[in-house]
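Right, one structure below, let's go through it.
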Amino acid sequence: MSKKTVFVTGASGSMGSEVLKQVADTHKFNSLILLRKKPSNEKLAEKLKKKYGNEIEIIFGDLSKYDDCVKCVEKSDYILHCAAIIPPIADHNPNGAEKTNYFGTKNLVDAIKASPRANEVKLVHIGTVAEYGHRDWRHPWGRVGDPLVPSAYDFYAATKLRAERYLLEADLPNWVVLRQSGVLHDNLFKNNMADGLMFHTCWNVPIEWATARDSGIALKNLVVKDSEGTLKEGFWKKIYNIGNGDTCRVTGYDTMAAGFGLMGATPEDFFKPNWNAIRNFHCFWYYDSDLLNDYLDFRHETWEDFWKNMGKLNWYFKMGAIVPKSWISKLALQRLFKDSNAPKFWLNNNIEGRVKAFFGSREEYDKIGEDWANFPLFRKNQIKDENGNVVDYEYRRDIKNAHEFILDHGYDESKPDSELDIEDMKKAAEFRGGKCLSETMTKGDLYTKLKWQCHDGHVFESSPFTIIKAGHWCPNCCIPVSGEGENKAPWQFDKLAKHIPFYAQVWYDTHSKDEDNVYPADCYKDILEAEAKNKK
């Protein structure tokens, strides 16, 4: 029997390269990758050819070109779609992000649909936790089906959201979406020291990390199990969250503490609390990430394992234990204040939209101050709720208590999928501020499209799965869009939350009901214009 071919997109990236390694090292498959033509990729191609020989085929091309996608799809049995332009690159090159993240995915989907082998090709699409938007201690647990409210200015999240919806509504026979959380990879700290993006990580944000190595194992196990017929039934045509589970459920503060802890230090030794945003980020603890592990058995690396290995691989952590902390803060961190992605840059250059999005206002920013003694940390049980009670971190972090903090999806989730009917769809639509205009549906059929209407009168067709299981709603007003020749929708969740209870239940955790901010579809251009101005 001939080997099946696994096409890995994004093979030059941190996750894609790990996925390729894990799959190719089994020697059970032929591997196929698509690389853009540039010197670094030519060197990578030589290295991979030398290592894997005839078991790998390398095509030079671009996902944004439909014909290149067709060429690869025709050769593939599995497509592991890891390619993405992510922040900070996406923030500085939004056009490139849109080409890869949205149009690249669209091209792959269209190529599969047009293929005479459409019923044979299986597509694994890597989504992102950024689609869900920001969380804090009030609702630290999230799951598939939660509202998709990507943070303002997060063009990466918006393009991934559009790409995912296009896939869900394409009627492909074999697909799965894996929404990846923040990825722990060996160059994590090194990469973060190159851009102001590191200051977007909120100290109190709950994060469930996934390691690059275990993510690679997950996709390797997927194709191995599926090709051998041992993948449990019910896996395909679903969405799952990728996370490494209990040991990797931490906060933004813990993440910084782990890295700087390798130098024998704490975040307080290097940062001031007001250097980092207090909202408009993303991540939470995955209430349902165990589901994917039950299928793919990929969790092997703990939080402690990752950081222990990080300390061995990177010499600069040892240097950090010797060099005065004030020097490191000034030379490594404070130099990034001049980067257009840093909050200090926005404040100093009057980029008010970002100040509002990430802090609420300049007044709210001023309240934070630079004294850690006055900044309450979720991790250290220093936050009090509206009634003056201490918010118990370990209690909220315990998955046995997570049911107290999960969001309502607007229909009876105790019913099995096979029993869901049109009345459930009407209840779900009402919770989203709109209506289900269809009068009938086949009970349990979550993939045949129904007709819906949002609060603003937009009528659209979507499958029940897209709405109640994936967390999407109106494509006309709920997905920020800024593509050439397309309807342009802004980030307008302050407005939408006033009409959509589904959104309001989480939006007002970190936003005031008095806020009425609208961020234009091309709001991301603000830092591009500031960069250009500063170069003159």
Side-chain angles (χ1 to χ4, degrees), residues 125-152 154 157-158 160-165 167-168 176-182 202 205-208 210 238-243 245 249 279-292 396-397 399 401-414 417 420 424-425 427-434 446 452 454 462-475 478-480 491 493 496-497 499-511:
H125 174 74
I126 303 301
T128 171
V129 67
E131 295 173 50
Y132 295 106
H134 188 72
R135 294 295 182 92
D136 73 355
W137 56 270
R138 295 170 182 84
H139 290 100
W141 290 93
R143 57 196 174 121
V144 173
D146 277 2
L148 302 176
V149 286
S151 294
D154 191 347
K160 292 292 286 185
L161 193 64
R162 291 168 60 203
E164 180 181 289
R165 187 170 190 133
L167 164 60
L168 295 181
V176 70
V177 174
L178 308 181
R179 290 177 181 160
Q180 176 70 281
S181 189
C202 304
V205 68
I207 303 175
E208 178 175 336
K238 301 282 178 60
I239 299 177
Y240 304 90
N241 287 321
I242 306 180
R249 291 175 185 141
R279 68 179 194 180
N280 205 54
F281 188 55
H282 49 262
C283 289
F284 48 60
W285 300 325
Y286 282 148
Y287 184 62
D288 54 2
S289 60
D290 290 353
L291 291 176
L292 186 64
R396 294 194 179 223
R397 187 182 173 280
I399 197 169
N401 304 317
H403 64 279
E404 298 179 31
F405 309 107
I406 60 174
L407 299 176
D408 186 356
H409 290 176
Y411 66 98
D412 185 357
E413 293 185 75
S414 68
D417 290 356
L420 294 174
D424 294 294
M425 301 307 114
K427 290 176 182 177
E430 183 180 358
F431 193 54
R432 287 151 180 77
L446 300 184
W452 314 79
C454 78
S462 286
S463 71
F465 183 91
T466 297
I467 303 303
I468 69 168
K469 294 297 184 179
H472 292 266
W473 184 227
C474 176
C478 296
I479 301 180
W491 275 267
F493 293 111
L496 295 174
H499 302 279
I500 303 176
F502 183 52
Y503 288 178
Q505 64 182 325
V506 66
W507 188 253
Y508 294 128
D509 287 351
T510 54
H511 295 80

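By convention here, the first residue in the shown sequence is residue 1.
- Note that the NE2 atom of H282 and the OG atom of S181 stand 7.5 Å from one another [nearest 0.5 Å].
- Within the 3.5 Å criterion, the main-chain N or O of C202 finds no donor-acceptor partner in the side chain of R279.
- Under a 3.5 Å cut-off, the side chain of D288 and the backbone N or O of N241 do not form any donor-acceptor pair.
- Between I468 and D424 there is no side-chain heavy-atom pair separated by less than 4.5 Å.
- Between the side chain of K160 and the backbone N or O of V129, no donor-acceptor pair lies under 3.5 Å.
- The side-chain heavy atoms of R396 and P206, taken from C-beta on, include no pair separated by under 4.5 Å.
- The aromatic rings of F493 and W507 are tilted relative to each other, their planes meeting at an angle between 30° and 60°.
- With hydrogens and angles ignored, the 3.5 Å screen pairs no side-chain donor or acceptor of R397 with any backbone N or O of P140.
- More than 12 heavy atoms of other residues, nucleotides or ligands lie within 6.0 Å of CD in Q505, so this atom counts as buried by the packing criterion.
- Considering all non-hydrogen atoms of both residues, S151 and W491 come closest at O-NE1, 3.1 Å.
- Atom-to-atom distance recorded for L292:CG and I239:CD1 is 12.5 Å, nearest 0.5 angstrom.
- The heavy-atom pair separating H403 from I406 by the smallest distance is O-CG1, 3.6 Å.
- Of the possible polar contacts, none joining the S462 side chain to the I467 backbone as a donor-acceptor pair under 3.5 Å is found.
- A donor-acceptor pair under 3.5 Å links the side-chain atoms of E208 to the main chain of G245, judged by distance alone.
- Within the 3.5 Å criterion, the main-chain N or O of A428 finds a donor-acceptor partner in the side chain of R432.
- For the pair C283 and R135, the tightest heavy-atom approach, listed with the atom from each and the gap, is O-CB, 3.6 Å.
- Contact between S289 and G243 at its shortest, heavy atoms only, is CB-N, 4.0 Å.
- The environment of K238 atom NZ is dense: over 12 non-hydrogen atoms of other residues, nucleotides or ligands sit within 6.0 angstrom.
- Inter-residue side-chain proximity for R138 and V506 is flagged as unmet; no heavy-atom pair is nearer than 4.5 Å.
- Here the straight-line distance linking atom NE2 of H499 with atom SG of C454 works out to 10.0 Å at 0.5 Å rounding.
- Taking both residues in full, the closest heavy atoms of G145 and F502 are given as O-CZ, 3.3 Å, listed atom of the first, atom of the second, then distance.
- Considering only heavy atoms from C-beta on, Y411 comes within 4.5 Å of E413 through its side chain.
- A salt bridge does not link R179 with D146: every distance from a Lys NZ or Arg NE/NH1/NH2 to an Asp or Glu carboxylate oxygen is 4.0 Å or more.
- At a cut-off of 3.5 Å, with distance as the only test, a side-chain donor of E164 or H472 sits close to an acceptor on the other residue.
- With R165 contributing its side chain and W473 its backbone, the two residues share a donor-acceptor pair below 3.5 Å.
- Taking all atoms of both residues into account, the shortest heavy-atom contact from C478 to L161 is O-CD2, 4.4 Å.
- When the options W141, W137, Y132 are evaluated for a ring pair (Phe, Tyr, Trp, His ring centres under 6.0 Å) with F284, the one that passes is Y132.
- In this structure, L407 and P147 have side chains that are in contact, with non-hydrogen atoms separated by less than 4.5 Å.
- To the nearest 0.5 Å, atoms CZ (R143) and CG (L291) are separated by 11.0 Å.
- Side-chain atoms of I399 and Y287, non-hydrogen and from C-beta on, do get closer than 4.5 Å to each other.
- Checked by atom type and distance alone, the side chain of D509 never pairs as donor or acceptor with a backbone atom of D136 at under 3.5 Å.
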